[in-house]
Amino acid sequence: MAGEIQQGIGRAASVLAVLGASTTGPLRASDIARATGLGTSTTARLLGTLEELGYVTKAADSPSYAIGATILALASEGLNQNPVHRESRAPAQELAQRIGLSVNVGVLDGSSLIYLCHFEGALAPKSHSMIGLRQPLHASALGKCLLLDLDTDGLRSLLGEEPLPRYTANTITEHAALAAELATARERGVCMEDQELALGRLGIAAPIRDANARVVAAISISGRLSLMRERDLDVLTEDLIEVADRISVGLGLISAIPSS
C-alpha cells in the first residue's frame, strides 16, 4: 500500500512538473501523457483528481490544463514561512527601485540555487517572474556566494567531478579555479559574474548570513553588460553589501563581519 501511495504521488508530481515547465500555456491531456510517459487513461484520472483538489485548472475554451490556484496558494504560503524571504523581501524591493536594476535573492537547494525574491527596477523590466527559477551555482554570482563556506573538497562533493557544465567561454569549469575565485570573493565581500551564465550579463552578489555567521542566502544586482558598465560598480557594491548586512542582522547575526 505504501508503495502504491508513493507511486501515485510521484505520478501526480510528474504531471504538475510538466504543467509548470510549459512555455506554451495550458497543455492537453495527451501532451501531458506524452511528456510524462504515463498512459492516457492514467493521466486523465490524475488530472481529474488534481482538478478536484485545485492543483490544476481546466481551460474554459479548450480541453487543456494549467497550474491551479491551490499550487499558487501553497507557493505563497511557503515563501511567507521562509525567514530569508520575510527578512529580504522589503530591502530587496527597495534596492531595485532605488538603483533601477534587477535584484534577486537566492538560497541553496541541492546542487543548485533557487530564487526566493525577484524585483525589477525601471531599467530592467521583465515580462515574467524568476521566483522559483533554478540556476547553477558555479556560473552565477548568487550561486558563488552560496559556496563561500566550502573548501575544494566541499565544492567537489556538492558540484560533482569536473569539468563543470560550461555555459559561455567565461564559465569556470574547474574546482581549483572556482576555489581561487571564491577566495578572492571572501576578501572583497562580494562575488562577481561576468558573462559566465549568459553573454551580455553582469552581476554582483553578496552573502546573507544567519545568527551563526553561516551563509544561508545571497542577494544580487544584475543587468545587461552595457547598462552595468555605465554605473559605478564600487558604489553598487557598497550599497549591496549594506543591504545584505541588514538582512543578516534581521536573521540574527550580531556582527556583519563573520568571525574567523
Side-chain angles (χ1 to χ4, degrees), residues 1-82 84-85 89 92-93 96 102-120 124-140 142-143 160 165-168 171 197-201 220 222 224:
M1 178 64 73
E4 292 178 359
I5 293 175
Q6 185 176 16
Q7 184 182 52
I9 292 173
R11 287 174 172 176
S14 68
V15 168
L16 293 173
V18 167
L19 287 172
S22 173
T23 58
T24 58
L27 297 175
R28 293 175 179 270
S30 57
D31 296 326
I32 298 170
R34 189 178 307 111
T36 59
L38 298 172
T40 303
S41 59
T42 299
T43 302
R45 287 196 300 271
L46 284 170
L47 287 169
T49 300
L50 291 171
E51 184 181 10
E52 289 179 8
L53 297 172
Y55 289 101
V56 305
T57 182
K58 196 171 184 179
D61 56 348
S62 69
S64 300
Y65 295 84
I67 291 295
T70 299
I71 291 290
L72 302 180
L74 284 173
S76 177
E77 291 164 1
L79 286 174
N80 291 334
Q81 292 172 9
N82 187 289
V84 172
H85 181 269
R89 186 178 185 280
Q93 184 175 28
S102 291
V103 175
N104 297 300
V105 176
V107 296
L108 184 68
D109 186 55
S111 58
S112 62
L113 76 88
I114 188 168
Y115 285 107
L116 284 187
C117 294
H118 169 71
F119 297 103
E120 304 102 18
K126 283 187 174 63
S127 60
H128 61 278
S129 173
M130 296 177 67
I131 296 176
L133 180 69
R134 292 181 183 277
Q135 285 194 342
L137 295 168
H138 68 287
S140 62
L142 275 173
R166 181 181 294 280
Y167 300 94
T168 74
T171 306
L197 186 59
L199 295 176
R201 168 192 163 107
S220 71
S222 61
R224 297 191 311 274

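As a basis for the values below, the full set of heavy atoms in this structure was taken, side chains included, without hydrogen atoms, waters or symmetry mates.
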Candidates Ile131, Val84, Leu142 - the one meeting side chain to side chain contact (heavy atoms under 4.5 Å, CB included) with Val105: Val84
For the side chain of His138 and the backbone of Pro165, is there at least one donor-acceptor N/O pair under 3.5 Å apart? yes
Between CG on residue Asn82 and SG on residue Cys117, distance to nearest 0.5 Å: 8.5 Å
Going by distance alone, is a donor N or O of one side chain under 3.5 Å from an acceptor N or O of the other, for Ser112 and Arg134? yes
Using 0.5 Å steps for rounding, measure from the NZ atom of Lys58 to the CG atom of Leu47. 9.0 Å
What one should report as the nearest heavy-atom pair of Pro136 and Leu197 is CG-CD1, 3.6 Å
Counting only N and O atoms by type, is there a donor-acceptor contact under 3.5 Å from the side chain of Thr171 to the main-chain atoms of Arg166? no
Which residues pass the salt bridge (Lys or Arg N to Asp or Glu O under 4.0 Å) test with Arg34, not counting sequence neighbours? Asp31
Taking every non-hydrogen atom, the tightest pair across Glu120 and Ala96: C-CB, 4.3 Å
Checking the side chain of Thr57 only, and the main-chain atoms of Ala69 only, is there a donor and an acceptor separated by less than 3.5 Å? no
Donor-acceptor check, side chain of Thr42 to backbone of Leu38, threshold 3.5 angstrom: yes or no? no
Once salt bridge (Lys or Arg N to Asp or Glu O under 4.0 Å) is applied, do any residues pair with Arg45, and if so which ones, sequence neighbours excluded? none
State, to 0.1 Å, how close Ile32 and Val15 come at their nearest heavy-atom pair, and which atoms those are. CG2-CG1, 4.0 Å
Less than 4.5 Å apart, any side-chain heavy atom of Leu50 and any of Leu16? yes
Nearest-0.5 Å distance, CG of residue Leu79 to CD of residue Glu77: 10.5 Å
Rounded to the nearest 0.5 Å, what's the gap from CG on Leu199 to CZ on Arg224? Could you check? 15.0 Å
Does some side-chain heavy atom of Tyr65 sit less than 4.5 Å from a side-chain heavy atom of Arg28? no
Close side-chain approach of Leu108 to Leu137, heavy-atom, < 4.5 Å: yes
Can you see which heavy atom on Ala29 is nearest to which on Thr43, and at what distance? O-CG2, 3.7 Å
So, does Ser14 use its side chain to make a donor-acceptor pair with the main chain of Arg11 at under 3.5 Å? yes
Given side chains that start at C-beta, do those of Asn104 and Ser222 come closer than 4.5 Å, heavy atoms only? yes
Taking the side chain as everything from C-beta on, heavy atoms only, tell me whether Phe119 gets closer than 4.5 Å to Ser102. no
Would you please test Val103 and Ser220 for side-chain contact (heavy atoms from CB on, under 4.5 Å) and show each step? CA-CA 5 Å; Val103 175; Ser220 71; over 6 Å; no
Check the surroundings of atom OH in Tyr55: do more than 12 heavy atoms from other residues, nucleotides or ligands lie under 6.0 Å from it? no
Listed partners of Val18 passing side chain to side chain contact (heavy atoms under 4.5 Å, CB included), at least two apart: Leu27, Ala35, Thr36
